[in-house]
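For reference, the structure is listed below as structure tokens.
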Amino acid sequence: MNKFVTKFLLALLAMTAMAGQARAQFTTTFAKNVTPGQQNGLYYSLPQTMLKLDFVIEETELVKGPLSDYASNYFEMEDYVEYETTEYQLLDVKMSAVANPDPNALFFVTINSARGGSKAQFDVMPNGIIRSVGIGNATEAEAETPVVAAAEPQSCCQAETAFGTGFTGLMTAGKSNAQLAKEVADQIAEIRKAKFYLISGDVEMASNPETFSAMYKRLDDMEKEYTSLLLGKRVVRQVVTTVYVIPNKEVVTQTVAKFSETDGLTVGTGGSGSMITVQTLSLNTTAAINAPSQSAVESMSYENKVFYRIPETANVKVAIDGHTLIEERLIVNQLGALLTAPVTNAKLVFDTETGQIVNMRMQ
């Protein structure tokens, strides 16, 4: 090969290398490899799936009556509150999925503005999840962004309590508890007699159904108030306790809480009671995709490429001591495949709930 050909090939190789550099408008690097204080760039992340578990719990507060020491004298066949405590019952659990930034899919984009050519444009949400990226005229094209349905606000339904949390002011000062207990028992007997007359039709005012209902309810409320002085109260309410769980590829079954009838729900592995577990089994819908390993993602830099995700479908089961509470199929982003997509005179639009590319516009 003569010197002219050699010089020509070397010049062509140099021009090719320079052209390749000119086309590299940005470089994507895993976040942990970024030099502290590095400028001229931005961070973006892909979303991961977080499970939101709403446990509906009935709390029953047992309140001792001020005259409970005399309850057995007048109510031999009825239970009364001897000790003040709170009992818990797990009624239901509701499961939903929410998206939040994935720390294992957090990247830094270095903008190579000095290389000329078309500029790269990134659109990132306030929480750092990427929405779109484009180079060249394609960034001006209007791509339809997927509309994410807003979650309905969830409220906690509170059951009606059994006549309030405090006791009635029917007790008269200056009398012994024994005297008060006798008066209360006599008053209960009179109320029950009045209810009997009402039901038997001896009260003419109760001929109207609405009047009957109003009178009976009033008498019933009065009986409960007086009875509570001796038997105590059971105050019942419903509360919702929310537990968030992040599914993990390596840990299929996670212990997320414990529940007992005496202590209620305790988040985490501490506390006492029955273990509540979440099992996330991948259905392997993305198993055929030859995706790079996590180590390759974290160790390499990619020019004019961005990461996106093909989410996985999984069977998610919530159980308490092995007994299934709820079981559903859900999209779990982080169980899927993490891939790279080239960005050359194109605009890519991402689903901000999954990290999947849902729209591509070429120049």
Side-chain angles (χ1 to χ4, degrees), residues 48-66 68 71 78-100 149-168 217 220-221 224-225 227-229 231-248 251-281 314-332:
Q48 69 177 352
T49 299
M50 178 182 287
L51 303 176
K52 181 174 179 283
L53 305 178
D54 293 319
F55 292 91
V56 182
I57 300 170
E58 182 180 85
E59 295 182 355
T60 303
E61 183 182 1
L62 304 182
V63 184
K64 187 178 179 180
S68 61
E78 297 188 50
D79 293 333
Y80 64 95
V81 179
E82 297 185 68
Y83 307 99
E84 294 196 346
T85 185
T86 303
E87 300 173 349
Y88 302 88
Q89 182 180 359
L90 182 58
L91 301 179
D92 192 16
V93 59
K94 300 176 182 179
M95 179 168 56
S96 58
V98 294
N100 68 321
E152 294 183 1
Q154 192 165 9
S155 60
C156 169
C157 299
Q158 177 148 345
E160 292 186 3
T161 63
F163 39 92
T165 56
F167 285 97
T168 181
K217 184 180 184 305
D220 197 52
D221 290 342
K224 289 178 179 178
E225 287 288 345
T227 303
S228 69
L229 297 172
L231 301 183
K233 294 185 177 183
R234 298 174 66 87
V235 183
V236 182
R237 54 183 172 268
Q238 284 187 12
V239 298
V240 176
T241 302
T242 301
V243 177
Y244 291 95
V245 182
I246 300 176
N248 190 305
V251 184
V252 176
T253 302
Q254 304 177 67
T255 300
V256 300
K258 288 186 176 181
F259 178 81
S260 75
E261 294 181 349
T262 56
D263 297 329
L265 186 74
T266 304
V267 180
T269 56
S272 60
S274 302
M275 290 192 303
I276 297 177
T277 59
V278 176
Q279 183 187 68
T280 308
L281 290 176
N315 190 74
V316 183
K317 180 169 65 176
V318 182
I320 180 168
D321 276 353
H323 173 69
T324 301
L325 296 174
I326 187 172
E327 186 171 5
E328 293 182 8
R329 285 190 176 184
L330 298 173
I331 297 295
V332 182

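The residues of the chain are indexed from 1 along the displayed sequence.
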task = Just jot down the side-chain hydrogen bond (donor to acceptor under 3.5 Å, both in side chains) partners of Thr255, sequence neighbours excluded, or say none.
result = none
key: Beyond-backbone contact of Thr242 with Lys52, side-chain heavy atoms, under 4.5 angstrom   = yes
request  = Mind listing the closest non-hydrogen atom pair of Ser228 and Pro66 along with its distance?
outcome  = O-CD, 4.4 Å
Scan the side chains in residues 262-269 for donor-acceptor partners under 3.5 Å anywhere in the protein, sequence neighbours excluded, and list what turns up.
| from | atom 1 | to | atom 2 | distance (Å) |
| --- | --- | --- | --- | --- |
| Asp263 | OD2 | Ser272 | OG | 2.8 |

task = Sequence neighbours left out, what passes salt bridge (Lys or Arg N to Asp or Glu O under 4.0 Å) with Glu59? Give chain and number order.
result = Arg237
request  = To the nearest 0.5 angstrom, please state how far the OG1 atom of Thr241 sits from the CG atom of Leu53.
outcome  = 11.5 Å
task = Heavy atoms only: give me the nearest Lys94-Ile326 pair and the separation to one decimal.
result = CA-CD1, 4.5 Å
ask   = With distance as the sole test, does Glu82 use its side chain to make a donor-acceptor pair with the main-chain N or O of Ser68 at under 3.5 Å?
value = no
request  = Could I get the full list of side-chain hydrogen bond (donor to acceptor under 3.5 Å, both in side chains) partners for Glu261, not counting sequence neighbours?
outcome  = none
task = Please test Gln238 against Ile57 for side chain to side chain contact (heavy atoms under 4.5 Å, CB included), starting from the C-alpha separation and ending with a verdict.
result = CA-CA 6 Å; Gln238 284 187 12; Ile57 300 170; over 6 Å; no
ask   = Which distance, rounded to the nearest 0.5 Å, do you find between the CZ of Phe55 and the CG of Asp92?
value = 10.0 Å
remark   = Sorted by chain and residue number, the salt bridge (Lys or Arg N to Asp or Glu O under 4.0 Å) partners of Glu328 (sequence neighbours excluded) come out as none
note = Across all chains, not counting sequence neighbours, the salt bridge (Lys or Arg N to Asp or Glu O under 4.0 Å) partners of Asp220 are Lys195, Lys224
query = With sequence neighbours left out, what residues match Thr253 under side-chain hydrogen bond (donor to acceptor under 3.5 Å, both in side chains)?
reply = none
inquiry  = Between Leu330 and Leu51, is there a side-chain heavy-atom distance shorter than 4.5 Å?
reply    = yes
key: Over all atoms of both residues, closest heavy-atom pair of Val332 and Thr49   = CA-OG1, 3.5 Å
message = Checking Asn315 now: which residues fulfil side-chain hydrogen bond (donor to acceptor under 3.5 Å, both in side chains) with it, not counting sequence neighbours?
response = Glu327
message = Please report the interatomic distance CD(Glu61) to OG1(Thr86), rounded to the nearest 0.5 Å.
response = 5.0 Å
ask   = Quick one: does Thr277's side chain get under 4.5 Å of Gln279's, heavy atoms only?
value = no
ask   = How many angstroms lie between atom OG1 of Thr324 and atom NZ of Lys317, to the nearest 0.5 angstrom?
value = 4.5 Å
note = For Phe259 and Leu90, the nearest pair of non-hydrogen atoms, with its separation, is CZ-N, 3.4 Å
With Val81 via side chain to side chain contact (heavy atoms under 4.5 Å, CB included) - residues at least two apart = Leu62, Lys64
request  = Using the test side chain to side chain contact (heavy atoms under 4.5 Å, CB included), find all partners of Ala99 that sit at least two apart in sequence or belong to another chain.
outcome  = Pro47, Glu353
